[in-house]
Amino acid sequence: MILSTELRKGNLVIKDSHFATIESVDIDEYCSVSYGKNLNGKNHDFHVATKDLIPIPISGIWLLRYGFISTEISDYEYTFGRRSLMVTTDTMKDGTNDIMIFYRHDIGLDYAEISSSIINFHDLQNLVYLLLGEELKLCQ
């Protein structure tokens with residue numbers, strides 16, 4: 001379940017088996033999302049309860065699609081934003097993802113772990129925006 005306090009405009013989630021973009025968030029656990037195209041080429045907009053949205057888990061594929069770069073050190077390490085943010089992903093034996101996020105303010109400094117509780121892509125979008133002032137954009 002996703003709470004409205006976790007979301008902001010531009011976050012990516014899943015609605016009815018489709019990837020959806022948050023267009024606006026209400027304070028009463030509802031939001032507007034857009035996804036797909038209708039016959040006129042317009043996005044479908046829906047006013048939906050946030051409890052009906054499904055988070056997108058962080059994965060290497062999603063990181064690469066949104067501008068992260070795989071490091072030469074490991075197949076599970078990805079950097080973003082002049083290497084100031086590093087995300088490590090690893091699949092545990094039980095099938096769950098183990099995500100660790102590290103940040104460094106300056107290139108000369110070591111990374112400091114900032115979170116091991118962020119596991120969903122919309123949370124990572126919010127963190128990147130908070131720390132770096134950038135939106136994650138789909139790479140072509």
Side-chain angles (χ1 to χ4, degrees):
M1 182 172 88
I2 301 175
L3 301 174
S4 65
T5 54
E6 298 175 43
L7 297 173
R8 63 181 181 82
K9 183 176 179 169
N11 282 150
L12 297 173
V13 293
I14 298 172
K15 168 70 175 128
D16 296 333
S17 302
H18 297 280
F19 295 117
T21 302
I22 301 297
E23 297 296 334
S24 66
V25 181
D26 300 333
I27 58 172
D28 61 353
E29 297 301 324
Y30 281 85
C31 64
S32 294
V33 299
S34 65
Y35 63 90
K37 302 281 184 188
N38 64 19
L39 294 176
N40 299 321
K42 303 285 186 186
N43 285 335
H44 294 284
D45 292 323
F46 295 95
H47 190 70
V48 298
T50 57
K51 67 178 179 62
D52 295 332
L53 301 174
I54 300 170
I56 298 168
I58 294 172
S59 69
I61 293 169
W62 275 89
L63 294 172
L64 293 172
R65 289 178 73 189
Y66 282 86
F68 282 78
I69 299 168
S70 182
T71 68
E72 295 101 28
I73 297 169
S74 167
D75 292 338
Y76 305 105
E77 288 184 3
Y78 304 85
T79 60
F80 183 82
R82 294 183 57 228
R83 298 182 185 245
S84 57
L85 194 66
M86 181 172 61
V87 178
T88 63
T89 64
D90 198 5
T91 304
M92 307 305 284
K93 289 181 181 179
D94 65 0
T96 60
N97 285 337
D98 181 27
I99 308 292
M100 301 284 289
I101 299 175
F102 303 88
Y103 175 73
R104 64 178 173 190
H105 181 68
D106 193 6
I107 294 297
L109 301 175
D110 288 335
Y111 284 102
E113 181 180 347
I114 58 170
S115 177
S116 59
S117 62
I118 292 179
I119 58 172
N120 297 313
F121 195 74
H122 71 274
D123 293 321
L124 181 62
Q125 286 180 289
N126 294 342
L127 182 66
V128 168
Y129 186 76
L130 175 71
L131 291 175
L132 306 177
E134 296 181 42
E135 294 288 351
L136 292 178
K137 293 185 174 106
L138 182 64
C139 297
Q140 298 300 334

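Numbering of residues begins at 1 and proceeds along the displayed sequence.
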Worksheet item: Should the heavy atoms of other residues, nucleotides or ligands under 6.0 Å from OH of Tyr129 be counted, would the total exceed 12?
Response: no
Discussion item. Check this for me: Phe102, atom CZ, are more than 12 non-hydrogen atoms of other residues, nucleotides or ligands nearer than 6.0 Å?
Written reply: yes
Distance in Å, [X] [atom1] paired with [Y] [atom2], rounded so as to fall on 0.5 Å steps:
| X | Y | atom1 | atom2 | value |
| --- | --- | --- | --- | --- |
| Phe121 | Phe19 | CZ | CZ | 10.5 Å |
| Asn120 | Ile54 | CG | CD1 | 11.0 Å |
| Ile114 | Met100 | CD1 | CE | 10.5 Å |
| Asp26 | Asp28 | CG | CG | 5.0 Å |
| Cys139 | Leu64 | SG | CG | 9.0 Å |
| Arg104 | Leu85 | CZ | CG | 10.5 Å |

Looking at every heavy atom in both [X] and [Y], which two are closest together, and how far apart are they?
| X | Y | value |
| --- | --- | --- |
| Tyr111 | Thr79 | OH-CG2, 3.9 Å |
| Gln125 | Leu12 | OE1-N, 2.9 Å |
| Cys31 | Thr50 | SG-CG2, 3.9 Å |
| His47 | Tyr30 | NE2-CB, 3.5 Å |
| Val33 | Ala20 | CB-CB, 4.1 Å |
| Ser84 | Leu132 | OG-CD2, 3.4 Å |

4.5 Å side-chain heavy-atom contact, [X] and [Y]:
| X | Y | result |
| --- | --- | --- |
| Ile101 | Leu124 | yes |
| Asp123 | Leu127 | no |
| Ile56 | His122 | no |
| Lys9 | Val25 | no |
| Ile99 | Ile118 | no |
| Phe80 | Leu136 | yes |

Fill in: Main-chain N/O of Met86 paired to Glu77 side chain as donor or acceptor, under 3.5 Å
no
Practice prompt. Keeping the roles fixed (side chain from Asn126, backbone from Arg8), state whether a donor-acceptor pair exists under 3.5 Å.
Written response: no
Worksheet item: Are Leu138 and Ile14 co-members of a hydrophobic cluster defined by side-chain heavy atoms under 4.5 Å apart?
Response: yes
Worksheet item: Which of these passes side-chain contact (heavy atoms from CB on, under 4.5 Å) with Tyr78: Thr89, Ile69, Thr71, Ile58?
Response: Thr89
